[in-house]
Amino acid sequence: NTPIKQRRRVLLKLSGEVFGGGKLGVDPATVRRIAEQIASTVGEVETAIVVGGGNFFRGAELAESGMDRSRADYMGMLGTVMNCLALQDFLEQTGVETRVQSAISMSQVAEEYIPRRAIRHMQKDRVVIFGAGAGLPYFSTDTVAAQRALEVHADQVLMAKSGVDGVYTADPKTNPDAKKFDTLTYSEALAGNIRVMDQTAMTMCKDNGLDMFVFGMEGEGNVAAAIRGTAEGTHVTV
Ligand code: UDP
């Protein structure tokens, strides 16, 4: 029996791209900026974070160059843990308490993934960072974001995007006629092949009535605003 929730609770998905600033590895200045924004909301909003790993490895890409897909996916998952530790460090430098929970056991650096404990951490004003995806090959961290949001009873899953500030009818970088949606349903996104997150993830959100907000990382204070529920972006619902 999960204790009653008093405050807004969100699951923030940060892709690996965000950590690397478009490059391989971690860009400390970028991670620090994000950490400071998250820290400014602690005490008001309960936040758990799912971290991607595309700035290190993507399993599907390594498999295309000849690696066994599952092994490549495990490399991808291990990459996410490095991003978790970077984010943990910059958050703790601001004075915020954090816990990393990994779906692959590595007790020196992270707790096991224990959902009820994750909820408890959030209730004690700790930011919980989920690493190693689902611990399963052939999954994406988008799908894990949906799953973890559901399991920890988040009110909303927040998809942070770099280079774009919401969901558009077409790619705004290449199509000047692209229009931003204020709201969108999962059915519309799936039918229109609008890539908000991967299809497995979207189906999971749709089937379980999970609310999603898509926003841009770039605007000043946007991450903090998204956590508080005051940012501009696209709201995706059932
Ligand atoms: N991955 C996986 N299972 C998971 C989550 C991730 O196998 O549950 C692997 C997969 O190879 C993926 C990589 O980890 O390509 C990095 O995650 P993702 O591509 O989702 O990161 P992002 O695109 O958000 O940076």
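Just so we're clear, the structure is a prediction, and the values are computed from it rather than from any experiment. Order of listing sets the numbers, starting from 1, for every ligand and every atom in it.
Close approach of ligand 1 to Ser15 (heavy-atom distance below 4.0 Å) involves ligand atoms 24 (O), 25 (O). Close approach to Gly16 involves these atoms of ligand 1, each under 4.0 Å from a residue heavy atom: 22 (P), 24 (O), 25 (O). The Pro137 neighbourhood of ligand 1 comprises atoms 7 (O), with distances under 4.0 Å to a heavy atom of that residue. In summary, the atoms of ligand 1 found under 4.0 Å from a heavy atom of Gly133, numbered by their order in the structure, are 4 (C), 5 (C), 8 (O). Near Lys13, with a cut-off below 4.0 Å to any heavy atom, the atoms of ligand 1 are 24 (O). With ligand atoms numbered from 1 in the order given, ligand 1 contributes 21 (O), 22 (P), 24 (O), 25 (O) to contacts under 4.0 Å with heavy atoms of Gly52.
Applying the side-chain hydrogen bond (donor to acceptor under 3.5 Å, both in side chains) definition to pairs two or more places apart or across chains, those involving residues 221-238 are Glu44-Arg228, Asp211-His235.
Nearest to atom 20 (O) of ligand 1 among the protein's heavy atoms is Thr141 OG1, 2.5 Å. The single protein non-hydrogen atom nearest to atom 9 (C) of ligand 1 is Asp73 O, 3.5 Å, given as residue, atom name and distance. If you check which protein heavy atom lies closest to atom 3 (N) of ligand 1, you get Leu136 O, 2.7 Å. Of the protein's heavy atoms, Gly53 N, 3.0 Å lies nearest to atom 21 (O) of ligand 1. Among all non-hydrogen protein atoms, the one lying nearest atom 14 (O) of ligand 1 is Gly76 C, 3.2 Å. In terms of protein heavy-atom proximity, atom 19 (O) of ligand 1 is closest to Arg58 NE, 3.5 Å. Atom 1 (N) of ligand 1 has its closest protein heavy atom at Phe139 O, 3.4 Å.
The residue from Gly59, Gly135, Ala145 that puts a heavy atom closest to atom 12 (C) of ligand 1 is Gly59.
Distance CD/Glu151 to CZ/Arg148: 6.5 Å, rounded to 0.5 Å.
Phe57 counts as a contact of ligand 1, since one of its heavy atoms falls under 4.0 Å from the ligand. Under a 4.0 angstrom heavy-atom cut-off, Glu61 registers as lying outside contact with ligand 1.
Of the heavy atoms in Val144, only side-chain atoms (C-beta onward) come closer than 4.0 Å to ligand 1. Both the backbone and the side chain of Ala134 come within 4.0 Å of ligand 1, judged by heavy-atom distances. Contacts between Thr143 and ligand 1 below 4.0 angstrom, taking non-hydrogen atoms only, are absent altogether.
Residue Arg99 comes nearest to Gln88 through the heavy atom pair CA-NE2, 4.4 Å, listed as atom of the first residue, atom of the second, then distance. Considering all non-hydrogen atoms of both residues, Ala160 and Met217 come closest at CB-SD, 3.1 Å. Contact detail for Leu62 and Ala72: the closest heavy-atom pair is CB-CB, 3.6 Å. Closest heavy-atom contact between Thr174 and Pro176: O-CD, 3.6 Å. Scanning both residues, Gly163 and Lys173, for their nearest heavy atoms gives O-CE, 3.5 Å.
With hydrogens and angles left out, the side-chain atoms of Thr200 and Thr203 include no donor and acceptor closer than 3.5 Å. For the 3.5 Å distance criterion, the side chains of Thr98 and Glu92 qualify, holding a donor opposite an acceptor.
In terms of N/O distances under 3.5 Å, ligand 1 is not approached by Ser140. By the 3.5 Å distance cut-off applied to N or O atoms, Gly54 is counted among the residues near ligand 1.
Residues Asp73 and Arg69 are paired through a salt bridge, judged by an N-O separation under 4.0 Å between the basic side chain and the carboxylate. One finds a salt bridge joining Asp125 and Arg7 here, because a Lys/Arg side-chain nitrogen approaches an Asp/Glu carboxylate oxygen to under 4.0 Å.
Take Glu64 and apply the side chain to side chain donor-acceptor pair (under 3.5 Å) test, not counting sequence neighbours, and it matches no residue.
If you run side chain to side chain contact (heavy atoms under 4.5 Å, CB included) between Leu11 and each of Thr47, Ile49, Val157, only Val157 comes through.
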